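Note that the coordinates shown come from a computational prediction; the quantities given were computed from them, not determined experimentally. Atoms considered below: every heavy atom in the structure, side chains included; atoms not considered: hydrogens, waters and symmetry mates.
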Amino acid sequence: MNWPQDGLLVHKKAISFSPMLCSIFPPLSCKTLLGQRAFNQFMKMTFYGQFVAGEDHKAIRPLIQKNQAFGVGSVLDYSVEEDITQEEAEQKEMDSCASAAEKERIGKEKKYKVHKQFGDRRGGVTGARTYFYADEAKCDQHMETFIKCIKASGGSSMDGFSAIKMTALGRPQFLLQFSEVLVKWRRFFTFLASQQGKDGMTALEQKLELNQLQEFLNKLGAKGDFYGWFSGRKEESSGTIDMIDWNSLIDDRTKISDLLVVPNVELGELEPLLAKFTVEEEKQMKRMLQRMDILAKHAIDNGVRLMVDAEQTYFQPAISRLTLEMQRIYNKEKPVIFNTYQCYLKEAFDNVSMDVELSRREGWHFAAKLVRGAYMYQERERAEEIGYEDPINPDYESTNKMYHRCLDYVLDEIALRRNANVMVASHNEDTVKHTLSRMYELGLFPRENKVYFGQLLGMCDQISFPLGQAGFPVYKYVPYGPVNEVMPYLSRRAQENRGFMKGAQKERELLWKELKRRLVSGELLYRPVY
C-alpha cells in the first residue's frame with residue numbers, strides 16, 4: 001500500500017472507541033469533565049481528527065495537498081451546524097414552512113404540509129448536516145460561508161468541488177410549495193397519459209397525442225389552446241408531447257409566485273396553489289434564487305464546481321428543478337453545477353433519464369452525483385405516520401439495482417456524446433468495480449475527467465487512494481469547521497459509528513497486513529514520499 005499511514009491503525013482503534021465514550025459522556029459533559037482545551041485535543045486525536053479536516057481553510061490545506069499528491073481531490077463542505085434543542089428546531093420549522101396565505105388554503109397534500117412531529121429534520125439523519133431558517137440575514141451569512149468555502153477550494157486545488165445545501169439559502173416554505181406544484185404537474189401528465197392508454201411506461205416513454213389532449217381538456221371546460229402552445233414551442237411538431245414538453249408550461253412566468261399554479265382536473269384550468277402571497281414572501285423567494293446565482297458565479301470565478309446536496313423528498317423536487325435551472329445557464333461550456341440523485345428513491349431513474357434528455361435537447365452539460373441516500377429512516381417513518389406512499393425502494397438490493405441502472409444510463413450517455421459527467425459517490429466496492437468494468441467496456445478513459453469517484457474523508461481509503469494512484473479522478477468529501485461548531489453534526493455521526501465501523505473492518509485488516517509486511521521487511525518507519 002502506497003498511501004499515507006501515519007499511525008492509522010492506532011487511530012482507527014481510538015475511533016471505534018469514541019462513539020461508546022460519546023454515548024456514556026455526551027459532548028457537553030465531556031467538555032465539562034476535560035475542559036475546553038483537553039476536549040478539543042481529545043476530539044482531534046479521535047473522531048474529529050478522523051472525519052474532519054481542520055478548523056478553517058488554512059488548517060485544512062496540508063491535508064488537501066497531501067491527498068492531492070496521491071491523486072485524491074477534495075469536495076469541501078463547511079460542516080458547522082447550529083446547536084439547538086429538538087423543541088427549538090421543531091418551532092423554527094413550523095414557523096418557516098407556512099405562509100400567510102396557508103391558513104386560507106384547503107386541500108394541501110399531506111406530504112407537503114409541515115408536521116411538528118417531524119419538524120426536527122435531524123432525526124434519524126446521521127450523514128448530512130441540517131439547516132433551519134431563522135431570517136434572511138442568517139441566509140446571507142450562510143451564503144457568505146459558502147463563498148468562503150468556494151474560495152478555499154479554489155485556493156487549495158485546481159479542480160475542486162464545493163458542496164452547498166439549498167435549505168441554507170432561503171425560507172423552506174418556497175421549496176415545500178414549489179415541490180408540491182412540480183409533483184402535481186407530473187401527476188396530472190401521468191393521469192392524462194393513462195386516459196390515452198399509456199400506463200406502465202417510464203416517464204420518458206409516455207407521450208401525449210396533442211389532438212386527444214386538446215379534446216379531453218375541452219371536455220373538462222378548459223379554454224386554452226394547448227395544441228397551439230406546444231406546436232409553437234417545438235421546431236418540428238410531431239403531434240405528441242412528453243413530460244419535458246409538458247413541464248415547459250410553467251417555465252415562462254414573470255413573477256416567481258406565478259410558478260406556484262397547479263392544474264385542476266375538475267375545472268380544466270390552472271389555479272394558484274395559494275390564494276395570495278405577501279410582498280415579503282415574494283421577495284424571500286427571489287432572494288433564494290439570487291443567492292444561488294451569486295454562488296454559481298463565484299464558483300466559475302474560482303474554477304470550482306458546485307455540488308448541490310440532496311435533501312428530504314418533500315423539498316427535493318424544487319431543489320432539483322432549481323439546480324437544473326442553474327445548469328441550463330452555467331453548464332453550457334463545461335460542467336459547473338452538479339445535481340445529486342438519491343437512488344434509494346423509486347423515481348430515481350425517471351429523474352435521471354428526464355434530466356439527461358433535457359440536457360441533450362438544449363445542449364448543456366449534464367452533471368450528477370449519484371448517492372444511495374441519507375434520509376431513509378426518517379422518510380419511511382414520516383410516510384407511514386402521516387399516510388402517504390413510501391418513496392423509498394423496498395430493500396437494499398432494489399436500491400443497488402436502481403443505482404446501477406441510473407449509473408449505466410449516464411455512462412452510456414457519456415460514451416455516446418461525451419457531454420455528461422457523473423460522480424460515483426459510493427463506499428460500495430461492487431459499485432466501484434462495476435463502474436470500472438463499464439468504463440473499460442465503453443472505452444471511457446480516466447484522463448477524460450467524465451467519471452469521478454467520491455468517498456467520505458476518513459472512510460474507504462483502500463478504495464480512494466488506489467483509484468487516485470491509478471489515474472482515476474477521485475475525491476474525498478472533506479468536512480471542516482471549529483470543533484465546537486462541528487460537534488452537533490459529529491455527535492449524530494457517532495451514533496451510527498458502531499454500524500459503519502463494521503465497514504472499516506477491511507481497512508483494519510489491510511493496515512495489519514501492511515504493518516506485518518513492514519516488520520518483516522525492516523521498513524517499520526517507512527513513509528511514502530509525496
Side-chain angles (χ1 to χ4, degrees), residues 77-82 84 88-102 112-114 118-122 128-150 162-183 250 253-260 273-274 276-299 306-330 337-340 375:
D77 181 15
Y78 193 69
S79 297
V80 166
E81 275 190 18
E82 195 177 5
I84 58 176
E88 289 172 322
E90 289 172 349
Q91 191 56 53
K92 283 192 172 191
E93 193 75 348
M94 295 299 292
D95 292 341
S96 63
C97 284
S99 72
E102 196 76 27
Y112 301 100
K113 183 178 179 182
V114 63
F118 298 97
D120 187 353
R121 288 181 275 112
R122 299 169 300 183
R129 69 204 185 289
T130 306
Y131 293 91
F132 294 96
Y133 181 83
D135 51 39
E136 292 299 294
K138 191 69 174 177
C139 293
D140 286 335
Q141 287 179 24
H142 291 152
M143 181 186 71
E144 291 299 326
T145 298
F146 288 146
I147 290 172
K148 288 178 183 176
C149 190
I150 290 168
S162 188
I164 67 168
K165 255 186 161 36
M166 206 76 84
T167 48
L169 298 175
R171 190 173 176 181
Q173 166 212 342
F174 173 50
L175 297 175
L176 203 62
Q177 291 165 347
F178 194 28
S179 291
E180 183 175 2
V181 166
L182 293 167
V183 168
I250 57 172
R253 297 183 178 274
T254 52
K255 286 179 66 182
I256 296 174
S257 56
D258 287 344
L259 287 171
L260 302 183
L273 188 69
L274 297 179
K276 61 185 177 182
F277 279 86
T278 66
V279 173
E280 179 56 29
E281 285 171 347
E282 182 78 27
K283 287 180 180 177
Q284 287 170 355
M285 288 187 264
K286 285 182 179 176
R287 287 188 201 119
M288 177 183 277
L289 302 181
Q290 288 166 352
R291 291 180 188 112
M292 289 163 51
D293 193 55
I294 289 169
L295 291 175
K297 288 175 179 174
H298 274 282
L306 211 56
M307 197 163 273
V308 182
D309 284 345
E311 304 194 43
Q312 285 87 350
T313 53
Y314 44 91
F315 292 140
Q316 193 55 41
I319 291 170
S320 288
R321 179 59 183 265
L322 295 174
T323 303
L324 187 144
E325 294 304 323
M326 286 203 295
Q327 290 179 316
R328 291 167 116 171
I329 298 169
Y330 296 107
I337 311 296
F338 279 66
N339 199 1
T340 301
Y375 305 96

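Comment: K148 does not engage E144 in a salt bridge, judged by the lack of any side-chain N to carboxylate O separation of less than 4.0 angstrom.
Not a single donor-acceptor pair under 3.5 Å links the side chain of S162 to the backbone N or O of L306. R291 places no side-chain N or O within donor-acceptor distance of the main-chain N or O of M143, the cut-off being under 3.5 Å. Between the S79 side chain and the D77 main chain, a donor and an acceptor come within less than 3.5 Å of each other. Here the side chain of H142 pairs a donor or acceptor atom with the backbone of A168 at under 3.5 angstrom. Q316 contributes a side-chain N or O that, together with a main-chain N or O of E311, makes up a donor-acceptor pair within less than 3.5 Å.
Side chains of L295 and M326 form no contact here, defined as non-hydrogen atoms less than 4.5 Å apart. Residues Q284 and Y133 meet the side-chain proximity criterion, which asks for heavy atoms closer than 4.5 Å. In this structure, the side chains of L175 and L322 come closer than 4.5 Å at one or more pairs of heavy atoms. For the pair C139 and R287, the minimum side-chain heavy-atom distance is 4.5 Å or more. In this structure, the side chains of I319 and T340 stay at 4.5 Å or more apart for every pair of heavy atoms.
Contact between N339 and Q327 at its shortest, heavy atoms only, is N-NE2, 3.7 Å. Considering every non-hydrogen atom in both A296 and Y330, the closest pair reads CB-CE1, 3.5 Å. Heavy atoms only, all atoms of each residue included: K165 and F146 are closest at N-CZ, 3.7 Å.
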side-chain contact (heavy atoms from CB on, under 4.5 Å) evaluation trace for R171 with M288: CA-CA 8 Å; R171 190 173 176 181; M288 177 183 277; 5.8 Å; no
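Separating the NZ atom in K286 from the CD atom in Q290 is a distance of 8.0 Å, to the nearest 0.5 Å. Considering CG of D140 and OG1 of T145, their distance stands at 10.5 Å, rounded to 0.5 Å. The line from CD1 of I337 to CG of L324 is 11.5 Å long, rounded to the nearest 0.5 Å. Expressed to the nearest 0.5 Å, how far CG of L182 lies from CZ of R321 amounts to 6.0 Å. Here S179 contributes atom OG and Y314 contributes atom OH; the two are 10.5 Å apart, rounded to the nearest 0.5 Å. Here CD of Q177 is found 11.0 Å from CZ of F315. Values are rounded to the nearest 0.5 Å.
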